[in-house]
Protein chains: 2
Amino acid sequence: MSATTAEGHTLTIGEVAAATGVAASAIRFYERQGLLTSHRTSGNQRRYDEFAPCMVRICRVAQRVGLTVQEVVALFDAMPEQPTADDWQGLTDALVAEAERRIADLRRTLDDLTSDGPLCALPGVDDV
Amino acid sequence: MSATTAEGHTLTIGEVAAATGVAASAIRFYERQGLLTSHRTSGNQRRYDEFAPCMVRICRVAQRVGLTVQEVVALFDAMPEQPTADDWQGLTDALVAEAERRIADLRRTLDDLTSDGPLCALPGVDDV
DNA sequence: CTAGGACTTGAACATTGGTTGAGGTCAAGC
DNA sequence: GCTTGACCTCAACCAATGTTCAAGTCCTAG
């Protein structure tokens, strides 16, 4: 019924999908983009390691922050092959910092919008 | 040299572009989307009213907030034909509120990311 | 009145981030 | 060892948001 039972610490694409709430098609897409790597069974099916769901989750958050998938790939590429807990923490920190930066930017724009007086109000009216 | 001199309170597409820093092609796009309306000269050139640059600016901010152009169109459609200063203010307020909501959402996600302990750290390792 | 920059349309192209479907293969529970 | 759901590839498509180009027209300064 299911090619889904994990062995050791490898995950099928369906398992990663279930673990992350992301469609399998999207996961294949991420892999094509270089975000994930997998090895293949003799029958050519993908098997992911335990990091995969985590990387997918980070990617989704990063996308919400406004990063493109390619930018996330670049982040991961900057990580060592065997990332330590500190490496993951650094990644998270970088993401948070980026989010804070973008939020601050947006807030500045919004403040301008509200404080510049009308900004977008009637332009020189009174003569209607 | 220039078809750019405004008469009364109408603006050429080039003037709107200059006033907003948005490309004329984008302004035509916004008009196709229903964000802007224009009347035409006898020679079929667009002439915008004084509100146009303001609407374009609002649209850009709204897009930064995460609204689609169609959502901005809906916002404008909800406005009366002859918007008062209060109407504009209400629009701005709605936009700011939406931005605040999205920022709060994002911050919640980020807080989860940092507070859930590892979340994305080594999943059950120690045996490498 | 004319030169030439600004404008017009329509179609094609680009990018990001995927989804969908056809046609076929794998693998595991019974 | 077969059945059947999960998986595979490849190509086409989607949608939002524009940009670019060609070919032609407008309009205003001078």
Side-chain angles (χ1 to χ4, degrees), chain A residues 1-8 10-48 52 55-76 102, chain B residues 1-8 10-48 52 55-75:
Chain A
M1 300 262 179
S2 145
T4 276
T5 303
E7 167 272 315
T10 81
L11 300 167
T12 66
I13 192 170
E15 287 168 334
V16 176
T20 58
V22 169
S25 62
I27 292 173
R28 287 191 201 97
F29 172 74
Y30 292 149
E31 187 173 336
R32 273 199 308 285
Q33 298 301 303
L35 188 78
L36 302 172
T37 51
S38 59
H39 63 93
R40 298 296 181 112
T41 64
S42 56
N44 197 37
Q45 297 199 354
R46 291 170 180 83
R47 290 298 181 267
Y48 295 96
M55 295 174 84
V56 169
R57 275 190 295 260
I58 287 183
C59 180
R60 300 305 281 232
V61 174
Q63 284 182 276
R64 283 194 56 191
V65 169
L67 301 186
T68 65
V69 172
Q70 278 313 308
E71 288 169 330
V72 180
V73 170
L75 276 184
F76 283 136
R102 294 188 187 218
Chain B
M1 301 268 178
S2 142
T4 276
T5 301
E7 165 272 315
T10 81
L11 301 167
T12 66
I13 192 170
E15 287 168 333
V16 176
T20 58
V22 169
S25 63
I27 292 173
R28 286 191 201 96
F29 173 74
Y30 292 150
E31 188 173 336
R32 273 200 307 285
Q33 297 302 302
L35 189 77
L36 302 173
T37 51
S38 61
H39 63 92
R40 299 297 182 110
T41 65
S42 57
N44 197 37
Q45 296 198 354
R46 291 169 180 84
R47 290 297 182 269
Y48 295 96
M55 295 174 84
V56 170
R57 276 189 296 259
I58 287 183
C59 179
R60 299 306 282 230
V61 174
Q63 285 182 277
R64 283 193 57 191
V65 169
L67 300 186
T68 65
V69 172
Q70 278 312 307
E71 287 170 330
V72 180
V73 170
L75 275 184

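In the text below, chain A, chain B and the rest are named by the order of the sequence lines, each starting its count at 1.
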How long is the line joining [atom1] of [X] and [atom2] of [N], in whole Å?
| X | N | atom1 | atom2 | value |
| --- | --- | --- | --- | --- |
| A:Ile13 | C:dT19 | CD1 | P | 11 Å |
| B:Arg40 | C:dC7 | CZ | P | 12 Å |
| A:Arg64 | C:dG17 | CZ | C1' | 17 Å |
| A:His39 | D:dC7 | NE2 | P | 14 Å |
| B:Leu67 | D:dT17 | CG | C1' | 15 Å |
| A:Arg46 | C:dC26 | CZ | P | 14 Å |

Seminar exercise, completed: Taken in chain and number order and not counting sequence neighbours, the residues that satisfy side chain to side chain contact (heavy atoms under 4.5 Å, CB included) with B:Ala62 are B:Leu67, B:Val72, B:Leu95
Exercise. By side chain to side chain contact (heavy atoms under 4.5 Å, CB included), which residues pair with B:Thr37, not counting sequence neighbours?
Worked result: none
For this session: Identify, between A:Gln33 and B:Asn44, the residue whose nearest nucleotide on DNA chain C lies closer to the 5' end.
Result: B:Asn44
Exercise. Heavy-atom distance under 4.5 Å between the side chains of B:Ile58 and B:Leu75, does that happen here?
Worked result: no
Exercise. Is there side-chain contact between B:Arg47 and B:Thr12, with at least one heavy-atom pair below 4.5 Å?
Worked result: yes
For this session: Output yes when at least one side-chain N/O atom of A:Thr12 is less than 4.0 Å from OP1 or OP2 of D:dA6, else no.
Result: no
Exercise. Within the pair B:Thr41 and D:dC27, is there a side-chain N or O less than 4.0 Å away from OP1 or OP2?
Worked result: yes
Sort me out a list of protein N/O and nucleotides 23-25 of chain D N/O pairs below 3.5 Å, or just none if empty.
none

For this session: Would you please name every residue forming a salt bridge (charged side-chain N to carboxylate O under 4.0 Å, His left out) with A:Arg102, sequence neighbours left out?
Result: A:Glu98
What pairs of donor and acceptor atoms, side-chain ones from residues 28-36 of chain A against any protein atom, are under 3.5 angstrom apart with sequence neighbours left out?
| from | atom 1 | to | atom 2 | distance (Å) |
| --- | --- | --- | --- | --- |
| A:Tyr30 | OH | A:Arg60 | NH1 | 2.9 |
| A:Tyr30 | OH | A:Gln63 | OE1 | 3.0 |
| A:Glu31 | OE1 | A:Ser38 | OG | 3.4 |
| A:Glu31 | OE1 | A:Arg46 | NE | 3.1 |
| A:Glu31 | OE1 | A:Tyr48 | OH | 2.5 |
| A:Glu31 | OE2 | A:Ser38 | OG | 2.8 |
| A:Gln33 | OE1 | A:Gln70 | NE2 | 3.0 |

For this session: For A:Ile13 and A:Ala24, work out which heavy atoms get closest and say how close.
Result: CD1-O, 3.6 Å
Problem set entry | Heavy-atom pair of closest approach, residues B:Val16 and B:Thr20 | O-OG1, 2.8 Å
Below 3.5 Å between N/O atoms, which protein atoms pair up with nucleotides 18-22 of chain D? Just atom names and distances, please.
| from | atom 1 | to | atom 2 | distance (Å) |
| --- | --- | --- | --- | --- |
| D:dG18 | OP2 | B:Tyr30 | OH | 3.0 |
| D:dG18 | OP2 | B:Gln63 | OE1 | 3.2 |
| D:dG18 | OP2 | B:Gln63 | NE2 | 2.5 |
| D:dT19 | OP2 | B:Ser25 | OG | 2.3 |
| D:dT19 | OP2 | B:Ala26 | N | 3.3 |

So which protein nitrogen or oxygen atoms get under 3.5 Å of nucleotides 10-13 of chain C's nitrogens or oxygens?
none

